[in-house]
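To start, the structure itself, in structure tokens.
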Amino acid sequence: MLTTNPFDDDHLHEECGIFGVSGSDGAAALVALGLHALQHRGQEAAGITSFDGTNFHTKKAMGHVAGNFDSEAVIGSLPGPVACGHVRYSTTGETALRNVQPLYAELASGGFAVAHNGNISNAMKVRRELIRRGSIFQSTSDTETIIHLVATSNYRTLLDRFIDALRQVEGAYALIVMTPEGMIACRDPLGIRPLVMGKLGETIIFASETVALDVVGAEFVRVVEPGELVIVQGTEMRSIRPFGPVAPRPCIFEWVYFSRPDSIVDDHSVYSVRKAIGQQLAIEAPVDADLVIPVPDSGVPAAIGYAQESGIPFELGIIRSHYVGRTFIQPGDKVRHLGVKLKHNANRALIKGKRVVLIDDSIVRGTTSLKIVQMMRDAGAAEVHMRIASPPTKHSCFYGVDTPERAKLLAATHDLGAMTDFIHADSLSFVTIDGLYKALGQKGRSQFRPGYCDACFTGDYPTTLTDHDDTAAVDQFAMLEERVA
């Protein structure tokens, strides 16, 4: 079966999206709406867990939220005033229903459900030790290590056991946890992964992005701060910060690609930042051309900014069909090429004889850029110049983004000239790392105290990477294959 998604397949895949509701009758219905708004963060699987005051109820499914969580029967099977949900793109563990979140376990204190956005970078090492002590894992997800650490902690209260577990993990996490005592939302001390809080009347809502609050009609209250735990018990809410203060390093790629453009991230409009990146790119990498053309859809705001700064007209030179998902055709080279045109097609009458500037958010393997450039040439473009609204992606991410191994990243193995030749463009330029920081309102990147996690561009990882450096940990997730078609 051919997936006609040729451009998206060469992007960095979104991490995950989480959404939690406390204090609303039929909370699961709100969670389903919130997950719809976060679908861009994970299209592989979705799940919702609710709590009715006595029992936990869970529904998980492979695929999108639509079609799995849009019937009265399904929502009716998830009763209760408290619920949380998750949309997933796997970063650890195989594609299998047992890895779909929220993950749930019965602990000595009662039920424990957790939805996690991010990646625990020492999960394999922790897992090995837990298995040695007798823990039995039911998934290959790094998130399950948190459950086992809570279950085996020697602290008395559930909250203290949870904090004890978090002190033992490294990496990135935004978590929504449900227990019989209430809901807990938290972020890792560096705030690498996002999490915001809103209110709908007296109902408390947590979400990966503000756009999900907008969709359910909730008011944005504030971000969950890095290292903060927000505990909601009935109508009472309190906040604690059990970790020592550190300078935050939120993921800079949220502004480049991951977040929806209509979201607000740390007081920045994502749309405005992407336009500013395009403007900075036009300043740093000008070119004589007739048209500025975005690679849909993620390149659109940056292309608008580039066009406004450069004075070159903005045009939709690539038309995207929004009604193509999968096609039931056996793959082959010729059919794959046709599949590309089902999803995106060049606006030939506009492009013929023109010098075009293509704007995209990133280059990963380079195969997408190669196809787009060739599409422009086939449509009769006189020149094709590529401009990228992020610095070269030279390093893998270990914080919840599905990045190819470094050897498969084009910028890690090719210099700028070789990259230009590879994609067959007349020229190629990336926004500089300083330019990216300027688009976020800073003077540039501080070498000693950068304000964001930008490791995929710089190799400057803000945490230790225990599993990455521990070759003995590689086989720890090699468990029973449980693939779902």
Side-chain angles (χ1 to χ4, degrees), residues 12 15-16 90-93 114 116-133 135 137 140-150 152-153 161-175 186-195 224-229 241-254 258 391 393-407 409 412 433 445-478:
L12 298 182
E15 322 98 20
C16 297
S90 62
T91 56
T92 64
V114 57
H116 171 206
N117 172 24
N119 192 58
I120 306 303
S121 58
N122 66 334
M124 296 182 190
K125 180 179 180 181
V126 172
R127 182 190 185 101
R128 273 205 315 272
E129 177 60 23
L130 286 165
I131 291 174
R132 189 187 66 80
R133 287 156 45 188
S135 291
F137 280 73
T140 59
S141 169
D142 62 318
T143 309
E144 192 178 356
T145 59
I146 296 173
I147 296 176
H148 286 274
L149 287 171
V150 173
T152 57
S153 173
R161 291 201 296 272
F162 181 56
I163 294 171
D164 181 42
L166 296 183
R167 292 187 188 280
Q168 298 178 65
V169 299
E170 301 168 357
Y173 55 81
L175 300 170
C186 66
R187 291 172 74 191
D188 63 81
L190 291 172
I192 297 174
R193 300 269 69 89
L195 192 63
V224 177
E225 297 291 339
E228 180 186 18
L229 277 70
R241 290 174 170 80
F243 309 107
V246 293
R249 295 280 298 273
C251 173
I252 203 167
F253 219 87
E254 289 287 342
F258 293 139
T393 303
K394 296 182 178 181
H395 305 271
S396 297
C397 176
F398 300 98
Y399 301 123
V401 180
D402 185 50
T403 316
E405 61 187 64
R406 193 176 181 211
L409 295 171
I433 189 68
R445 183 184 191 271
S446 169
Q447 181 179 354
F448 302 104
R449 295 194 66 177
Y452 300 96
C453 177
D454 52 24
C456 54
F457 307 132
T458 64
D460 178 12
Y461 294 97
T463 74
T464 53
L465 301 173
T466 299
D467 289 344
H468 177 62
D469 297 328
D470 183 4
T471 56
V474 172
D475 294 332
Q476 288 301 305
F477 285 154

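If you read the sequence from its start, that first residue is 1, and numbering goes on from there. Computed from heavy atoms alone, side chains included, the values below leave out hydrogens, waters and symmetry copies.
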Listed by chain and number, what are the side chain to side chain contact (heavy atoms under 4.5 Å, CB included) partners of [X], not counting sequence neighbours?
X      : value
Ala247 : Arg449
Glu405 : Ala407, Lys408
Thr458 : Ile433, Arg445, Asp454, Asp460
Pro248 : Pro226, Pro250

Rounded to the nearest 0.5 Å, what's the gap from [atom1] on [X] to [atom2] on [Y]? Could you check?
X      : Y      : atom1 : atom2 : answer
Tyr399 : Asp188 : OH    : CG    : 9.5 Å
Asn117 : Ile192 : CG    : CD1   : 11.0 Å
Phe162 : Leu149 : CZ    : CG    : 11.0 Å
Thr140 : Met124 : OG1   : CE    : 9.5 Å
Glu225 : Leu195 : CD    : CG    : 11.0 Å
Tyr173 : Ile146 : OH    : CD1   : 7.5 Å

Compare every heavy atom of [Y] with every heavy atom of [X], then report the nearest pair and how far apart it is.
X      : Y      : result
Leu130 : His148 : CD1-CB, 3.6 Å
Leu409 : Lys394 : CD1-C, 3.7 Å
Ala123 : Asp467 : N-OD2, 2.9 Å
Arg193 : Glu254 : NH2-OE2, 3.7 Å
Thr152 : Ser135 : CG2-OG, 4.2 Å
Pro242 : Gly227 : CD-O, 3.7 Å

Side chains of [X] and [Y]: does their closest heavy-atom pair fall under 4.5 Å?
X      : Y      : result
Cys453 : Leu190 : no
Cys456 : Val401 : no
Thr393 : Phe457 : yes
Ile120 : Val126 : no
Arg249 : Pro450 : yes
Phe137 : Thr145 : yes

Is a side-chain N or O of Ser153 found less than 3.5 angstrom from the main chain of Val150, in a donor-acceptor match?
-> no
Under the rule for salt bridge (Lys or Arg N to Asp or Glu O under 4.0 Å), what residues qualify as partners of [X], not counting sequence neighbours?
X      : result
Arg132 : Glu129
Asp164 : none
Glu228 : Arg222, Arg241

side-chain hydrogen bond (donor to acceptor under 3.5 Å, both in side chains) assessment of Glu170 paired with Thr464 = CA-CA 7 Å; Glu170 301 168 357; Thr464 53; 3.1 Å; yes
List for me each residue that meets ring-ring contact (aromatic ring centres under 6.0 Å, His included) alongside [X], sequence neighbours excluded, and say none if there are none.
X      : result
Phe398 : Tyr461, His468
His395 : none
Tyr452 : Trp255, Tyr437

